[in-house]
Amino acid sequence: MTNPFFKYRSNEVDNDLRLTVLSSSFIPDSFPHRSDQIDQMVKILSSVMRNSPPSNLLLYGKSGTGKTSVAKKVSNLLKEAFPEKVKVIYINCQLNDSTYSVLVNAANSIIANENEKIPLSGWTVERIYNELLRQIEKFSGFIVLVLDEIDKLARKNDGDSLYVILKLADDAKSSRVSFIGITNYTSFLETLEARVRSRLNQESIVFPSYNASQLRDILQERVNLTGMAGMVEESAVSLCAAIGAREHGDARKAIDLMRISIEIGIRDFMEKIGEENVYKARDKYEMNILRESINGLPLHSKILLLSAVVTQDQDKDNMITGEIYENYKKICDELSVQSLTSRRIGDLLSELDDLGLIITVTRSLGRYGRTRVITVPDHDELMKKYLLEDEVLNTFKGIKIGKQHRLKMDADESQSRTVKEDEMNDILSSRKE
DNA sequence: ACTCCACAGGAAAATTGGGGTA
DNA sequence: TACCCCAATTTTCCTGTGGAGT
């Protein structure tokens, strides 16, 4: 008999292919509302034709404004136009946020032979630097080094990393090295020291946020590329655009929403993709963000977050660093994991705060010391679920939350409680502002 | 005005683990 | 195999601090 699943399978493959134009890694041929930026970039990079090295470039703009896509597109066009003369190296500094890994990745992307690739650890920075330099010289042409999320790199050891990498341009003799820096922060340059700033600040291009109608153009064009334009209602496109516009004009989010909406429609055998798909997609999108950021957490951050969630579950009005740390240690015990020091936990708490998974407010509780008051924002049940997907955490059964935190033992019970309730109310109300 | 809690967070030492060299 | 070098991570040690209690 014929496999009854085949018809679905072939359908899926087909749809997956069509939906790749709505994936975040897809680089389109045309960029609506970005022709100014593209023209500027082309003008600057085209100095290669006259055999003079392009100025260094800085691209500014919030996330989802097309910086990365445009940079990739234009630099690829340059490479296509002058294949013998130009090499483009793209590095995401969020993933490679040390001098070491940037240099290794840069070198490895030039080295063609697998066997000569540089190992991901072991070499000295100097040795890698020299090897990269050697490779660059060997090429003797124009190298364009794209540093995406360059601010992540600049923050590391006083921007020394950035300085070393920019120095490549001076040290390379027979090749010319240019840089394209990409960043979300408008004030990025100001945070740099002079020696780095002057090198980088030759040309800059701003990518303004998209408004709703621009987003609609972009979405419509992408939807047309999928060949499913007939299925997608105009109102759905508009809604995606509106949601993206609300999020500082984020095209990435708008496109993701569109893709998820369509996926939901296909899955449910719907004939039309309408607004309700988009609303469903938005929920799914938020959940995916949460799930991914939790999945990507290192083990101890997961345990710590679990401790925060469980603690808040049982004891809403008393979440301070010390208590979460105590419970963290208990969970570590239960999971037979060696626990980390409180100093380290302090840093991990800050990281969780940066990720938006918890909210921390440092404040002084007077007689009861100076600490951070911690809140787990909504979704705590969902967080717990995702946390327990971890293969180490999934043996977690629950712990007894001791109430023996020193704050409560030493202090007069009723008084300390009112103090803390006031504190928590302050925090909650200040968050709403 | 002074104390002192319960940490925050900087600096530096120690540990871990990949990789090279003899 | 023993040993060195190095980056990253974590610990150890430390100084600083806002404000309720006294």
Side-chain angles (χ1 to χ4, degrees), chain A residues 91 93-108 111 114-132 152-153 155-165 296-304 307-308 311 315 317-329 332 337-354 358-375 402-427 430:
Chain A
I91 290 179
C93 301
Q94 177 148 47
L95 306 174
N96 305 289
D97 62 352
S98 66
T99 322
Y100 192 87
S101 63
V102 170
L103 291 176
V104 170
N105 277 286
N108 280 344
I111 299 171
E114 280 297 323
N115 300 324
E116 291 171 15
K117 300 241 174 188
I118 296 171
L120 293 170
S121 67
W123 285 27
T124 66
V125 169
E126 199 189 351
R127 185 168 169 201
I128 295 169
Y129 185 87
N130 290 330
E131 174 62 18
L132 176 58
K152 298 288 185 315
L153 194 61
R155 261 182 240 162
K156 279 262 172 137
N157 38 12
D158 312 340
D160 245 31
S161 306
L162 201 49
Y163 178 73
V164 170
I165 290 158
L297 249 32
L299 176 65
H300 284 280
S301 298
K302 284 183 183 171
I303 300 178
L304 186 62
S307 161
T311 309
D315 192 8
D317 64 339
N318 185 28
M319 289 258 286
I320 61 173
T321 308
E323 195 187 13
I324 290 179
Y325 180 54
E326 288 305 315
N327 289 333
Y328 156 82
K329 282 199 290 194
C332 282
V337 174
Q338 175 78 47
S339 63
L340 300 176
T341 346
S342 61
R343 177 65 187 84
R344 183 86 254 275
I345 290 304
D347 284 344
L348 293 185
L349 278 175
S350 304
E351 284 173 25
L352 289 177
D353 188 22
D354 286 344
I358 60 174
I359 296 168
T360 75
V361 184
T362 40
R363 54 170 47 206
S364 172
L365 270 46
R367 191 75 247 276
Y368 308 112
R370 193 170 182 269
T371 179
R372 277 181 286 191
V373 180
I374 292 135
T375 325
K403 295 252 183 179
Q404 65 274 59
H405 195 266
R406 260 188 239 148
L407 248 175
K408 283 200 164 168
M409 286 184 71
D410 294 355
D412 172 61
E413 187 73 16
S414 61
Q415 263 191 16
S416 80
R417 183 174 297 276
T418 44
V419 167
K420 269 169 269 132
E421 268 171 14
D422 290 348
E423 293 296 337
M424 196 46 97
N425 287 338
D426 282 358
I427 290 157
S430 70

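Numbered from 1 within each chain, the chains take letters A, B, ... in sequence-line order. The basis for the numbers below is simple: all heavy atoms, side chains too, and nothing from hydrogens, waters or symmetry mates.
- The CG-P distance, from A:Asn108 to B:dG19, rounds to 13 Å in whole Å.
- Between A:Asp353 and A:Ile359, the closest heavy-atom pair is OD1-CA, 3.8 Å.
- Protein atom CD1 of A:Ile303 is 12 Å distant from nucleotide atom P of C:dT10, rounded to whole Å.
- Listed for the A:Tyr328 side chain is a donor-acceptor partner under 3.5 Å among the backbone atoms of A:Leu340.
- Summarising the geometry, atom CD1 belonging to A:Ile303 is positioned 10.5 Å from atom CG belonging to A:Leu348; distances are rounded to the nearest 0.5 Å.
- One interatomic measurement links the two molecules: CD of A:Glu326 to C1' of B:dA6, which rounds to 12 Å at whole-angstrom precision.
- Atom-to-atom, OH of A:Tyr100 to P of C:dT9 comes out at 13 Å; the value is rounded to the nearest Å.
- Going from atom CD of A:Glu351 over to atom P of B:dA8 covers 14 Å, rounded to whole Å.
- The two residues A:Ala308 and A:Met319 have their closest heavy-atom pair at O-CE, 3.6 Å.
- Here the closest non-hydrogen pair linking A:Ile320 and A:Ile374 is C-CD1, 4.1 Å.
- Rounding to the nearest 0.5 angstrom, the gap separating the CG atom in A:Leu162 from the SG atom in A:Cys93 is 8.0 Å.
- Taking every heavy atom of both residues into account, A:His300 and A:Ser339 meet most closely at CE1-CA, 4.3 Å.
- Taking atom CD1 on A:Ile345 and atom P on B:dG9, their separation rounds to 15 Å, with Å as the unit.
- In this structure, A:Ile324 places its CD1 atom 10 Å from P of B:dC7, rounding to the nearest Å.
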Measure all distances between protein nitrogen or oxygen atoms and nitrogen or oxygen atoms of nucleotides 11-14 of chain C, and list the pairs falling under 3.5 Å.
residue, atom, partner, partner atom, Å
C:dT11, OP2, A:Thr341, N, 3.0
C:dT11, OP2, A:Thr341, OG1, 2.5
C:dT11, O5', A:Thr341, OG1, 2.8

Contact list (N/O, under 3.5 angstrom) for nucleotides 16-18 of chain C vs protein:
residue, atom, partner, partner atom, Å
C:dG18, N2, A:Ser364, OG, 3.1
C:dG18, N2, A:Gly366, O, 3.2
C:dG18, N3, A:Ser364, OG, 2.7

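- Going from atom CZ of A:Arg127 over to atom P of C:dC4 covers 18 Å, rounded to whole Å.
- For the pair A:Leu352/A:Leu297, a side-chain contact is recorded, criterion being any heavy-atom separation below 4.5 Å from C-beta on.
- A:Ser307 and A:Asn327 get closest at one heavy-atom pair: OG-CB, 3.5 Å.
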